[in-house]
2 protein chains.
Amino acid sequence: MNVGNLVKESLKAIPEPTLRRLPIYHQYLKKIDKEDFISCTTIANDLCLEAIQVRKDISLTGIVGKPQVGYSVKQLMSAIEDFLGWNNVMDAFLVGVGSLGSAILGYKGFEKYGLNILAGFDVDDSKVGTEIHRKKIYHIEKLPSLIKRMKIKIGILTLPASCAQEIANTMVEAGIKALWNFSPIKITTREEIIVLNENLAASLAVLSKKLQEQQNRN
Amino acid sequence: MNVGNLVKESLKAIPEPTLRRLPIYHQYLKKIDKEDFISCTTIANDLCLEAIQVRKDISLTGIVGKPQVGYSVKQLMSAIEDFLGWNNVMDAFLVGVGSLGSAILGYKGFEKYGLNILAGFDVDDSKVGTEIHRKKIYHIEKLPSLIKRMKIKIGILTLPASCAQEIANTMVEAGIKALWNFSPIKITTREEIIVLNENLAASLAVLSKKLQEQQNRN
DNA sequence: TAGATTGTTAATCGATTAACAATC
DNA sequence: TAGATTGTTAATCGATTAACAATC
């Protein structure tokens with residue numbers, strides 16, 4: 001692969017399915033890091049995937065393996081970390097400190113994955129001013145000014161359906177560039193803003209419909 | 001469409017992207033249910049989708065619209081409910097009553113979406129015997145016998161990476177047919193078991209990589 | 001009727017999978 | 001060297017999108 005291709009390659013967006021599998025490879029490699037080298041066949045077998053798919057995903061991170069040997073586990077892990085930006089931790093605000101919001105505030109794993117939740121926001125005066133899992137909770141009124149002052153780019157929404165879109169709009173106006181939305185409603189914004197809608201009802205629909213289909217088959 | 005096609009159609013699995021969008025249409029329709037009829041163009045515009053995609057999704061639920069008028073909002077909502085089985089509530093057990101597990105135990109929305117979490121399970125003796133959000137917490141030892149006795153088909157995993165696979169295996173042996181996994185590791189099982197892996201690291205990878213790409217573009 | 005909308009068949013696009021050459 | 005594995009190009013498959021006929 002020549003330099004021209006590399007440039008072209010880097011301009012092409014990475015397929016979303018690949019992005020979703022890379023952390024799974026990393027989680028898997030963590031468990032088996034006694035081994036020096038691993039082949040994509042082994043990874044695929046253990047994760048119920050196709051070897052060719054693993055190989056293609058890995059090639060997108062830019063790492064090269066050794067024929068007859070496989071990939072260096074260490075090298076592969078750190079290539080995934082670099083590729084996904086886990087070494088450049090980004091700050092985020094979380095809005096809506098209900099039970100799901102609190103759980104996410106307290107999740108220790110995010111910093112390893114490049115995300116640092118700085119603070120939480122809520123309208124509930126009994127929460128404002130307290131700390132939850134060591135993160136300060138501010139009144140939602142302060143959200144726009146703090147987003148601007150601290151140049152926060154990522155917002156996490158754990159809000160009721162009724163106000164999620166409105167608060168999302170406020171945050172985007174204040175300069176937020178990416179929204180991770182756990183509210184039970186789809187958030188829509190200007191095209192250039194990244195929105196990732198995590199919809200529990202959507203996932204549950206997949207689970208229960210597949211279960212129905214499975215039960216009907218027998 | 002004749003009866004033969006209907007039968008053929010019902011045997012074909014519904015595409016997963018469609019299953020994920022149907023609940024989003026429902027959440028959207030709830031907000032605007034003053035209107036009698038709605039066109040797929042309107043739905044698509046409001047949800048940033050393509051009209052043809054909405055039309056195709058809707059057609060898979062079996063509902064028919066009226067040319068020049070659109071779809072009856074009421075009819076469409078109840079068709080989605082029926083199609084996704086929201087009227088046949090299924091029981092589930094949740095394993096791992098940490099902060100995420102507790103949040104999910106307490107989420108009121110699931111019953112509307114056809115899921116009733118009956119109880120929680122944990123190894124922590126300070127939790128066993130208590131109630132969290134009105135759900136009893138049992139020791140994980142009792143999991144297999146209760147799954148068998150109550151014929152539970154759905155398990156929700158909110159466990160640390162270190163024990164998630166092992167407990168999943170136990171549950172499948174006891175008769176669980178579907179696993180909804182929030183643990184930070186991919187769960188693999190026998191082919192006929194439905195597994196839905198919700199991996200926060202995977203989602204975060206999509207969000208942060210897209211944000212990187214977006215920032216590099218400018 | 002004219003026109004807007006649905007329903008269906010065909011074309012396109014992107015991800016997965018297959019085939020095979022390159023490598024150690 | 002032979003053989004196992006990677007890397008790359010081509011084929012396949014499924015979802016999205018386009019085109020257009022059917023409908024009220």
Side-chain angles (χ1 to χ4, degrees), chain A residues 1-6 8-9 11-22 24-25 35-73 75-76 79 202 205-206 209-210 213, chain B residues 1-6 8-9 11-22 24-25 35-73 75-76 79 202 205-206 209-210 213:
Chain A
M1 191 188 263
N2 65 29
V3 177
N5 283 339
L6 267 174
K8 229 165 66 188
E9 191 67 25
L11 286 173
K12 211 190 285 173
I14 307 296
E16 192 170 313
T18 296
L19 288 177
R20 291 192 169 274
R21 283 188 296 265
L22 288 174
I24 291 165
Y25 301 152
E35 309 277 338
D36 265 6
F37 285 88
I38 194 160
S39 74
C40 61
T41 319
T42 309
I43 298 177
N45 282 341
D46 289 346
L47 292 175
C48 295
L49 296 169
E50 294 296 323
I52 173 67
Q53 189 170 58
V54 176
R55 206 147 80 238
K56 200 133 221 188
D57 287 342
I58 289 175
S59 85
L60 286 170
T61 68
I63 210 179
V64 285
K66 285 186 194 171
Q68 199 184 11
V69 179
Y71 304 89
S72 151
V73 173
Q75 221 181 318
L76 190 47
V206 176
K209 196 72 190 178
K210 282 192 174 173
E213 283 168 1
Chain B
M1 189 188 262
N2 63 30
V3 177
N5 283 339
L6 267 172
K8 228 162 69 187
E9 191 67 24
L11 286 172
K12 212 191 284 174
I14 307 297
E16 192 170 314
T18 297
L19 287 177
R20 291 192 168 275
R21 283 188 296 265
L22 288 174
I24 291 165
Y25 302 152
E35 310 277 339
D36 265 7
F37 285 87
I38 194 161
S39 75
C40 60
T41 319
T42 309
I43 298 178
N45 282 342
D46 290 346
L47 292 175
C48 293
L49 297 169
E50 294 294 324
I52 172 68
Q53 189 171 60
V54 175
R55 206 148 79 237
K56 201 133 219 189
D57 288 341
I58 289 174
S59 85
L60 285 170
T61 68
I63 210 179
V64 285
K66 283 187 196 171
Q68 199 184 11
V69 179
Y71 304 89
S72 150
V73 172
Q75 220 181 319
L76 190 47
V206 176
K209 196 73 190 176
K210 282 192 175 172
E213 284 168 2

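Because the structure is a prediction, the values reported are computed rather than measured. Lettering follows sequence order; numbering is per chain, from 1.
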Round to a whole Å and report the spacing from [atom1] of [X] to [atom2] of [N].
{"X": "A:I63", "N": "D:dT5", "atom1": "CD1", "atom2": "P", "value": "18 Å"}
{"X": "B:Q68", "N": "C:dT1", "atom1": "CD", "atom2": "P", "value": "14 Å"}
{"X": "A:L19", "N": "C:dA15", "atom1": "CG", "atom2": "P", "value": "10 Å"}
{"X": "A:I43", "N": "D:dT6", "atom1": "CD1", "atom2": "C1'", "value": "12 Å"}
{"X": "A:K56", "N": "C:dA15", "atom1": "NZ", "atom2": "C1'", "value": "9 Å"}
{"X": "B:F37", "N": "C:dT6", "atom1": "CZ", "atom2": "P", "value": "11 Å"}
{"X": "B:K66", "N": "C:dG3", "atom1": "NZ", "atom2": "C1'", "value": "18 Å"}
{"X": "A:L49", "N": "C:dT17", "atom1": "CG", "atom2": "P", "value": "9 Å"}

### Summary
On DNA chain C, more 5' by nearest nucleotide between B:P67 and A:P67 is B:P67

Proximity to the side chain of [X] - top-ranked nucleotide from [options]:
{"X": "A:P17", "options": "D:dC24, D:dT6, C:dA15", "answer": "C:dA15"}
{"X": "A:I52", "options": "C:dA15, C:dA19, C:dT5", "answer": "C:dA19"}
{"X": "B:Y71", "options": "C:dT23, C:dT5, C:dG7", "answer": "C:dG7"}
{"X": "A:R55", "options": "C:dA4, D:dT8, D:dC20", "answer": "D:dT8"}

### Message
Taking the nucleotide of DNA chain D with the nearest heavy atom to each, does B:Q53 or A:S39 sit closer to the 5' end?
### Response
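The 5'-side residue here is A:S39.
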
### Query
Phosphate oxygens OP1/OP2 of C:dT16: is one of them under 4.0 Å from a side-chain N or O of A:R21?
yes

### Message
Base, sugar-phosphate or nothing for B:E50? Non-hydrogen atoms, less than 4.0 Å.
### Response
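Sugar-phosphate, backbone atoms only, no base.
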
### Message
Let's test this: given Watson-Crick or G-U wobble pairing with both distances under 3.5 Å, identify the partner of C:dC24.
### Response
D:dG3

### Query
Taking a pair as Watson-Crick or G-U wobble with both distances under 3.5 Å, which nucleotide is matched to D:dA18?
C:dT9

### Query
Are A:E16 and A:R20 close enough for a salt bridge, meaning some N to O gap below 4.0 Å?
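The answer is yes: the pair qualifies as a salt bridge.
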
### Query
Does the side chain of B:L49 reach to within under 4.5 Å of the side chain of B:Y25, using non-hydrogen atoms?
yes

Which heavy atom in [X] sits nearest to a heavy atom in [Y], and how many Å separate them?
{"X": "A:A205", "Y": "B:L19", "result": "CB-O, 3.6 Å"}
{"X": "A:T41", "Y": "A:A51", "result": "CA-CB, 4.0 Å"}
{"X": "B:A44", "Y": "B:E50", "result": "CB-C, 3.6 Å"}

